[in-house]
Amino acid sequence: MNERSLVQDLNDLHASFVSSINLAVADNDVALADRLAAEYDTEAIKMIAEREGRTHMLPLVRRGEIADTPLRRLVRKLSSARVAA
């Protein structure tokens, strides 16, 4: 039995979203890139909850500011680089 770990699956999910975000930024679609970064957060949390048997805690409701995540920082960085170019 060769079961994949949660970390492996999260890494694959992250890589997929990074690729999609890069394409969106390359197409000057920063709004799509930002939506994808937010979607990654949701999908990653859902994956963790399902694997850990915590789906009863979903959906998570955030109050206040939008979380500053690595993918959202990537979107800002790539967006700034495109504007500067």
Side-chain angles (χ1 to χ4, degrees):
M1 182 185 228
N2 189 13
E3 222 175 285
R4 291 177 49 88
S5 72
L6 174 58
V7 171
Q8 289 170 317
D9 288 342
L10 284 169
N11 285 339
D12 288 348
L13 181 69
H14 184 268
S16 172
F17 273 87
V18 167
S19 178
S20 295
I21 287 168
N22 284 333
L23 290 172
V25 170
D27 288 340
N28 290 319
D29 194 344
V30 178
L32 174 59
D34 191 50
R35 282 194 308 274
L36 287 167
E39 186 179 322
Y40 167 77
D41 295 347
T42 301
E43 291 300 315
I45 289 168
K46 181 180 171 191
M47 181 185 290
I48 293 166
E50 288 172 351
R51 295 285 281 278
E52 298 294 324
R54 304 277 184 172
T55 55
H56 63 281
M57 299 177 77
L58 296 175
L60 296 180
V61 177
R62 292 190 178 135
R63 290 177 171 72
E65 293 185 27
I66 296 173
D68 186 30
T69 64
L71 278 180
R72 290 193 172 151
R73 286 191 293 274
L74 173 66
V75 169
R76 282 196 309 274
K77 180 181 174 184
L78 293 174
S79 299
S80 296
R82 297 289 287 166
V83 169

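Positions are given from 1 along the sequence. Source: prediction; values computed, not measured.
Counting heavy-atom neighbours within 6.0 Å of R73 CZ, excluding the residue itself, gives a total above 12.
Taken from CZ in R54 to CD1 in I45, the straight-line distance is 14.5 Å, to the nearest 0.5 Å. To the nearest 0.5 Å, atom OG of residue S20 and atom CZ of residue R35 are 12.5 Å apart. Note that CG of L74 and CG of L36 are 11.0 Å apart. Values are rounded to the nearest 0.5 Å. Here the straight-line distance linking atom OG of S16 with atom OH of Y40 works out to 10.5 Å at 0.5 Å rounding. The CG atom of D9 sits 9.5 Å away from the CD atom of E3 when rounded to the nearest 0.5 Å. Rounded to the nearest 0.5 Å, atoms CG (L71) and CD1 (I21) are 4.5 Å apart.
Listed here is the closest heavy atom pair of A38 and R72: CB-NH2, 2.8 Å. Shortest non-hydrogen contact noted between A33 and V75 is O-CG2, 3.6 Å.
One finds no salt bridge joining D34 and R76 here, because no Lys/Arg side-chain nitrogen approaches an Asp/Glu carboxylate oxygen to under 4.0 Å.
Side-chain atoms of E50 never come within 3.5 Å of backbone atoms of M47 as a donor-acceptor pair (strictly under, hydrogens ignored).
For D12, the side-chain contact (heavy atoms from CB on, under 4.5 Å) partners two or more places apart in sequence, or in a different chain, are R4.
Cluster annotation: F17 is not connected to L23 through the hydrophobic network of ILVMFWY side chains, with a link wherever side-chain heavy atoms come within less than 4.5 Å.
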Check: How far apart are the C-alpha atoms of K46 and T55, what are their side-chain angles, what is the distance that settles it, and do they pass the side chain to side chain contact (heavy atoms under 4.5 Å, CB included) test?
Finding: CA-CA 8 Å; K46 181 180 171 191; T55 55; over 6 Å; no
